[in-house]
Amino acid sequence: MTFKSIIDEIENNLNKILSDLSISSIEFSVEPAKPGFGDVSSNISYLLAKQLQKSPKEIAEILSEKYSKCTNTLVLKSEAHPSGYLNFFANWEKLSQLILSESYLDTCGDVDIGNGSTIVVEHTSVNPNKALHIGHIRNIIIGDTVSRILEKANYTVNVLNYIDDSGLQVADIIVGFKHFGYAEEPPNGKKFDHYCGDDVYVKTTEKYDTDPSLEEIRKNILKELEDGDSEIAKFADKITRKVLAGQLETCWNLGVTYDCLNFESQIIRSGLWSEIFEKLKEMKLVEFENEGKNGGCWVIRGEGKEEDKVIVRSNGTATYIAKDIPYAAWKLGLLEDPFNYEKYEKEQPHSRVLWQTTLKESDKISKNFTGEKVVTVIDSRQARLQKIITSLMGKFKSVPNAYNHLGYESVTLSSETAKTLGLDTDGKQAQMSGRKGLYVSADSVYEILKEKTSEETKNRHPEMDDSEIETIAHLVSVGTLRYEMIKQDLDKIITFDLTKSLSLEGDTSPYIQYTHARASRILEKSDRTPTIDVDFSLLKDKSELDLIRNIGLFNLQVRDAASNLSPKVIARYCYDLAVAFNSFYEKSKVLGLGDVELENSRLCLVNSFKIVLEKSLDLLGIKAPDRM
RNA sequence: GGGCCUAUGGCGCAGCAUGGAUAGCGUGUUGGACUUCUAAUCCAAAAGUCAAGGGAUCGAAGCCCUUUGGGCCCA
């Protein structure tokens, strides 16, 4: 058990006291205390003030008095603070032993929220016509981090990447290839996804402004894409898969992996739409509009003052929400699975098998990538559409909150960075746009970071060989990128600045990784293996206890992060843990003390810190090197 | 016209879900600490009417209402 043990003990005792006083049970808080107010505090006195007609201070004194008579194993004493809070002081010798022993177990930090049930996390889902930019990376890292956290919270997670291979954006590059003669092979070894995005896509769409006839050409291509057997569709399939391969390479490099790729073109051809459309009609969730501006259309009624949403136009074509509805229902396992599955042609890192949907009958492998619940990571510009889908799915599936839209604000470019890309924004931040070529690619940010970090590492360790420097620079760059994408709240806009985001000091991943290197170094230099069989009473300095306390909070943080789908909780936790360690590192020496007992106790603590930091960083997809 | 998000030291953020103690952190500024397990570190100082106004409450950065600035979506 962990820090939660002492919280539970206090909660139980307080409830006992309440029932002894024949006070009906109330919802009071028992939380880790703020610094300077003991170890655990409760607001219970405030909540009883009215009922008992006494001041919180008096109540706290009464409760504290009663508490001293309770059976305690982890609490040393309670104290009534003049403010009215009831504060508790831990028996650290026992609590340290509990927390540090727990940290040595494989199950450390595990919590059970999912109860082993399946959950789908869909993220990435970028049109396969361009390279990933820094805005996409926010989506990908949020999705990947959330799936790691959910797994830790005992969900069986299926990670999906939806490949929109039949939309307008794909049509645009096909126009480029077929009508402007762009070569199929990129010049001078450029990565294919970059080539399609930077050259074919941007330069083709530029021409729409001057040549209106292109619209017609694109329309025809779009139509041909729907028929899987057409030459255009086959060509598009070849191109988009090459782009996808490039995108996946970027993701894998950042430590992001998937379970299955779902192709939109196959969803369209699978007939899922007509199945769900019949169901919608049956359940009267869509209605045919006879008159008005939506006359001849099938619509979903808007709630309250909201507009009706057209899903089938009067000419019979489905709007793009019509692709999302069957897919959402499929993810929840509400439809019979029309797909077969085959392994993706390239092997994914970390030996996680990557599958992809196929309509080919020859591969009769059936798999199940659906979930009891679904989390769809899409930026909050799509909130309206996602709200409709959430509400529809609520009517299809009895499990409450089965479909979840995890929204987040977008990444914009700072005016300085926009300027370097040739756009003067008059001091304002700029929205990224793949179409206008206004973006910073993920690969380029990674490369710049890597260059800077290897430079830094080389300066620090002239003795290191190139491959070691390369490894460290890679881990630090990935960590930096991932941490920057996750550390703030989902509904805050990230203004990306090419220069400022390269900071490696303060509240950053390198700071956290550096503390790991410090801990590793101590363990490496010690001639003993750390064990849990030590004298815990020797760990009594404030910085030691604070570090132990932080270690003990791990599973509480995982619970918080998982139940709120809030990855930043873990980012903050890693940072707090690192701060606590650095403070310990400054104040308490471990090696060469001449006191074997004390040294053993501190070694145990350092090792415990290292284990828990690694586990919590792992939830962020960040690995920490042993030296840096 | 309708809807969503946001506002906290110069700058970037945490805290808000579940109201309660002294509003935390990074960065920047000023000063200090490497003969001592790695200074990508640590310590200290200055810097805040928590956008504005009102309301309910014994008590509000947090809850309710109104207004304003910024961003986005739909029409």
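Within every chain, numbering begins at 1; the chains are lettered A, B, ... in the order of the sequence lines, protein sequences first and strands thereafter. Here the structure is a predicted model, which is why all the values come from computation and not from measurement.
No side-chain heavy atom of A/Tyr573 sits less than 4.5 Å from a side-chain heavy atom of A/Val558. Using a 4.5 Å cut-off on side-chain heavy atoms (C-beta onward), A/Phe584 and A/Val590 make contact. By the 4.5 Å heavy-atom criterion applied to side chains, A/Phe88 and A/Val30 are not counted as neighbours.
Checking A/Ser583 against A/Ser543 by side-chain atom types alone, no donor-acceptor pair falls below 3.5 Å. There is no side-chain donor-acceptor pair under 3.5 Å between A/Ser410 and A/Asp379.
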Tabulate protein N/O versus nucleotide N/O from nucleotides 73-75 of chain B, keeping only pairs under 3.5 Å, one per line.
none

Using the 3.5 Å cut-off, write out each protein N or O paired with an N or O of nucleotides 18-23 of chain B and the distance between them.
from: B/G20; atom 1: O2'; to: A/Tyr46; atom 2: OH; distance (Å): 3.2
from: B/G20; atom 1: O2'; to: A/Tyr85; atom 2: OH; distance (Å): 3.3
from: B/A21; atom 1: N6; to: A/Ser41; atom 2: OG; distance (Å): 2.9
from: B/A21; atom 1: N1; to: A/Asn87; atom 2: OD1; distance (Å): 3.1
from: B/A21; atom 1: N1; to: A/Asn87; atom 2: ND2; distance (Å): 3.3

Mind listing the N/O atom pairs, protein and nucleotides 42-44 of chain B, below 3.5 Å?
from: B/C42; atom 1: OP1; to: A/Tyr511; atom 2: OH; distance (Å): 2.5
from: B/C42; atom 1: O4'; to: A/Glu586; atom 2: OE2; distance (Å): 3.3

Strictly under 3.5 Å: I want the nitrogen or oxygen pairs between protein and nucleotides 12-16 of chain B, one per line.
from: B/A14; atom 1: OP1; to: A/Asp489; atom 2: N; distance (Å): 2.7
from: B/A14; atom 1: OP2; to: A/Lys492; atom 2: NZ; distance (Å): 2.2
from: B/A14; atom 1: O2'; to: A/Arg572; atom 2: NE; distance (Å): 3.4
from: B/G15; atom 1: OP1; to: A/Lys568; atom 2: NZ; distance (Å): 3.2

Dot-bracket encoding of pairs in RNA chain B, which uses [ ] for pseudoknotted crossings and | for another strand, Watson-Crick or G-U under 3.5 angstrom: (((((((..((((......[...)))).(((((.......))))).....(((((..]....)))))))))))).
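Classified by its glycosidic torsion, B/C34 falls in the syn category, the angle being within 90° of 0.
For A/Glu451, the CD atom is loosely surrounded, since the number of other residues' heavy atoms within 6.0 Å does not exceed 12.
Of the listed nucleotides (B/C37, B/C72, B/A40), B/C37 has the atom at the smallest distance from the side chain of A/Leu591. Candidate nucleotides B/G71, B/U27, B/C37 were compared by shortest atom distance to the side chain of A/Ile522, and B/C37 ranks first.
In this structure A/Glu289 satisfies the salt bridge (Lys or Arg N to Asp or Glu O under 4.0 Å) test together with A/Arg301, sequence neighbours excluded.
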